[in-house]
Asks: 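Encoded as structure tokens, here's the structure I'll be asking about.
As the structure is a computational prediction, the values presented were derived from the model and not from experiment. Naming: A, B, ... by sequence-line order, numbering from 1 per chain.
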Amino acid sequence: MSKNGKILVAMSGGVDSSVAAMLLHEQGYDVIGITMKVWDYASFGGTTKETGCCSLDSINDARYLAVQLGFPHYILDLREDFEKHVISNFISEYKNARTPNPCVLCNTHIKWEALLRKADMLDCEFIATGHYAFINQLQDRFYISKGNDEIKDQSYVLWGLTQQSLSRTMFPLNIYSKTEIKEMALNSGYDAIAKKSESYEICFIPDNDYRGFLKRRVDDFDAQFPEGNFVDKNGKILGKHKGLPFYTIGQRKGLDIAMGVPYYVVDIKKSTNEVVLGEKEALYSDSTELIGVNLHKYAEITDGMDVLVKVRYKDPGTAAKLFNKNGGIEVVFNNPVSAITPGQSAVFYEGKDIIGGGFIR
RNA sequence: UGUCCCAUGGUGUAACGGUAGCACACGGGUUUUUGGAGCCCAUAGCCAAGGUUCGAAUCCUUGUGGGACAA
């Protein structure tokens, strides 16, 4: 493919992806804008407020930019894929008393795999997104590195991308900071887009009430997730909980239990329908196991490898060693880490480079 | 039934007779491409009725509600 070939740009309607498309267009690429429709708010009347990436407003904003700059824009209906890969996992994880990490799956399967299928159809070799990160290549391996804007680093949610996906990806915002991108949007006259607030909450649950969402999606919710006991580590009953999906490891708020010192969710026991509570100290552990591992920079992990591991999105990371174990990876931290949560992702780095990641067992 | 002890926000507790404070919980905000954490702010109380005193959560009396001894 020539340098200035066709490229598919995923446009959410937000500043980041808008400027990404703009930059590529300026650089002479043959840009095709795509806005993915992964969810239908109207069919799940939790709220009329549409704040997520699939709202009409967002689609319109993306289209407006495409029209202004003069490149084609399509809407891609990925609701089925989204249901299959993201929603179903979201529900089953809660059923298993785990805490799902939908953004990671959405990136891997929707924003990349499904989008690349569309790219094939449109004869595009590359796709681009508005992430603040670098794609690098080391011999035959492709890997993501953190962007220059560390506070805006999104690499944590990108660990699941396959080599195939990575080899066809471009991140036009890699060298920029969020502030610079906003300025570019303003300077180009896209004030409305530049001033949009950051997205937050789970995109398919705009009212942020994910228990309400589960209630609507799970048959006989009350029977599946009955009330039960809060207990301490010795099994002493401390109070009543409202059903396992209301809790996640490390949670403090909403326990409605006054112990004189802060109490946190330390464990969630599906077998006995108990939520174990304890003090902050009880949250620390010094190792964890990962499943569904995907590797970026190296084709395999050598036992004892030194890395930095992030265990949640906003986590500065903890030095650790990796070991192959039972087809997954065991992470042994140099210092204890708080609230390691089953279902969340652990991503390991070497400097700014992603070595790989996996789901916490 | 006799003696003794206790009673303070939603919970657990402080306050020589001199402005009722703390922790936790709850609520709000901040933050964030997930959940959670963190940080900031706020609401809220002297069991009841009398009395002593310039002044009572504090001392006295009675009542009410708990608890411990006592047969």
Asks: Now, which nucleotide makes the Watson-Crick or G-U wobble pair with B/G38, with each of the two distances under 3.5 Å?
Replies: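 Its partner is B/U30.
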
Asks: Over all strands shown, is A/Y210 touching base, sugar-phosphate only, or nothing at heavy-atom distances under 4.0 angstrom?
Replies: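 Sugar-phosphate, no base atom in range.
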
Asks: Heavy atoms under 4.0 Å, any strand shown: does A/K152 hit a base, just sugar-phosphate, or nothing?
Replies: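 Answer is sugar-phosphate: A/K152 comes under 4.0 Å of backbone atoms only.
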
Asks: Please classify the nucleic acid contact of A/G343 as base, sugar-phosphate, or nothing, using heavy-atom distances under 4.0 Å.
Replies: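 Counting heavy atoms under 4.0 Å across all strands, no contact is made by A/G343.
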
Asks: Given that both distances must come in under 3.5 Å, which nucleotide forms a Watson-Crick or G-U wobble pair with B/A7?
Replies: B/U64

Asks: Distance between the C1' atoms of B/G18 and B/G55, in whole angstroms?
Replies: 7 Å

Asks: Under a 3.5 Å cut-off for both contacts, is B/G12 paired Watson-Crick or G-U wobble with anything, and if yes, with which nucleotide?
Replies: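 B/C22 is the nucleotide pairing with B/G12.
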
Asks: Taking the six-membered ring of A/Y29 as reference, does the cationic atom of A/K6 (NZ for Lys, CZ for Arg) lie under 6.0 Å from its centre and within 45° of its axis?
Replies: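 No, A/K6 does not lie over the aromatic ring of A/Y29.
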
Asks: Between B/U13 and B/A20, how many Å separate the two C1' atoms, rounded to a whole number?
Replies: 13 Å

Asks: For B/G17 versus B/A25, give the span between their P atoms, rounded off to a whole number of Å.
Replies: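 Their P atoms lie roughly 33 Å apart.
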
Asks: Hey, are A/K325 and A/E289 close enough for a salt bridge, meaning a charged N less than 4.0 Å from a carboxylate O?
Replies: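 Judged by the 4.0 Å cut-off on N to carboxylate O distance, A/K325 and A/E289 do form a salt bridge.
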
Asks: Hey, does the side chain of A/N89 come within less than 4.0 Å of B/U34's phosphate (OP1/OP2), counting only N and O?
Replies: no

Asks: On RNA chain B, nearest-nucleotide positions of A/I340 versus A/Y263: which is more 5'?
Replies: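 Result of the comparison: A/Y263.
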
Asks: If hydrophobic clusters are built by linking Ile, Leu, Val, Met, Phe, Trp and Tyr wherever their side-chain heavy atoms come under 4.5 Å apart, do A/Y264 and A/V311 end up in the same one?
Replies: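 No, A/Y264 and A/V311 fall in different hydrophobic clusters.
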
Asks: Is the distance from OP1 or OP2 of B/A25 to the nearest side-chain N or O of A/Y264 less than 4.0 Å?
Replies: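 Checking B/A25 against A/Y264, no side-chain N or O comes under 4.0 Å of OP1 or OP2.
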
Asks: Using purine N1 to pyrimidine N3 plus N6-O4 or O6-N4 for Watson-Crick, or N1-O2 and O6-N3 for G-U wobble, both under 3.5 Å, which nucleotide pairs with B/A57?
Replies: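 Paired with B/A57, as far as the under-3.5 Å criterion goes, is no nucleotide at all.
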
Asks: Taking atom C1' in both B/G21 and B/G63, compute the distance separating them and give it to the nearest angstrom.
Replies: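 Per the computed distance, 30 Å lies between those C1' atoms.
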
Asks: Quote, to the nearest angstrom, the P distance that separates B/C6 from B/A15.
Replies: 13 Å

Asks: Heavy-atom distance under 4.5 Å between the side chains of A/I181 and A/T179, does that happen here?
Replies: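 Contact flag for A/I181/A/T179 side chains = no.
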
Asks: Between B/U58 and B/U19, how far is it from one P atom to the other, in whole Å?
Replies: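 Here B/U58 and B/U19 have their P atoms 14 Å from each other.
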
Asks: When all nucleic acid strands are considered with a 4.0 Å heavy-atom cut-off, which category describes A/V157: base, sugar-phosphate, or nothing?
Replies: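 If one applies the 4.0 Å heavy-atom cut-off, A/V157 turns out to touch a base.
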
Asks: Base, sugar-phosphate alone, or nothing: which one does A/L255 contact when heavy atoms must sit under 4.0 Å apart?
Replies: sugar-phosphate

Asks: Looking at B/C69, which nucleotide sits across from it as a Watson-Crick or G-U wobble partner, both distances under 3.5 angstrom, or is there none?
Replies: B/G2

Asks: Should A/D153 and A/K310 count as an ion pair when the cut-off is N to O under 4.0 Å?
Replies: yes

Asks: In the strands shown, is B/C46 matched to any nucleotide by a Watson-Crick or G-U wobble pair with both distances under 3.5 Å, and which?
Replies: none

Asks: For A/D256 and for A/Q344, locate the closest nucleotide of RNA chain B by heavy-atom distance; then report the residue assigned to the nucleotide nearer the 5' terminus.
Replies: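 Taking each residue's closest nucleotide, the earlier one in sequence belongs to A/D256.
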
Asks: Just N and O in the side chain of A/R252: are any of them under 4.0 Å from OP1 or OP2 of B/G38?
Replies: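 The answer is yes; a side-chain N or O of A/R252 sits under 4.0 Å from OP1 or OP2.
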
Asks: Nearest to the side chain of A/T341 - B/U34, B/C26, B/G35?
Replies: B/G35

Asks: How far, in whole Å, is B/C5 from B/A42 if one measures between their P atoms?
Replies: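 After rounding to an integer number of Å, I get 41 Å for this pair.
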
Asks: Can you tell me how far CG of A/D16 sits from NZ of A/K152, rounded to the nearest 0.5 angstrom?
Replies: 6.0 Å

Asks: Please classify the nucleic acid contact of A/Y156 as base, sugar-phosphate, or nothing, using heavy-atom distances under 4.0 Å.
Replies: base

Asks: What interatomic distance, in whole Å, is found between C1' of B/A49 and the corresponding atom of B/C54?
Replies: 23 Å

Asks: Which part of the nucleic acid does A/P100 contact within heavy-atom distance under 4.0 Å: base, sugar-phosphate only, or nothing?
Replies: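 Counting heavy atoms under 4.0 Å across all strands, the contact made by A/P100 includes a base.
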
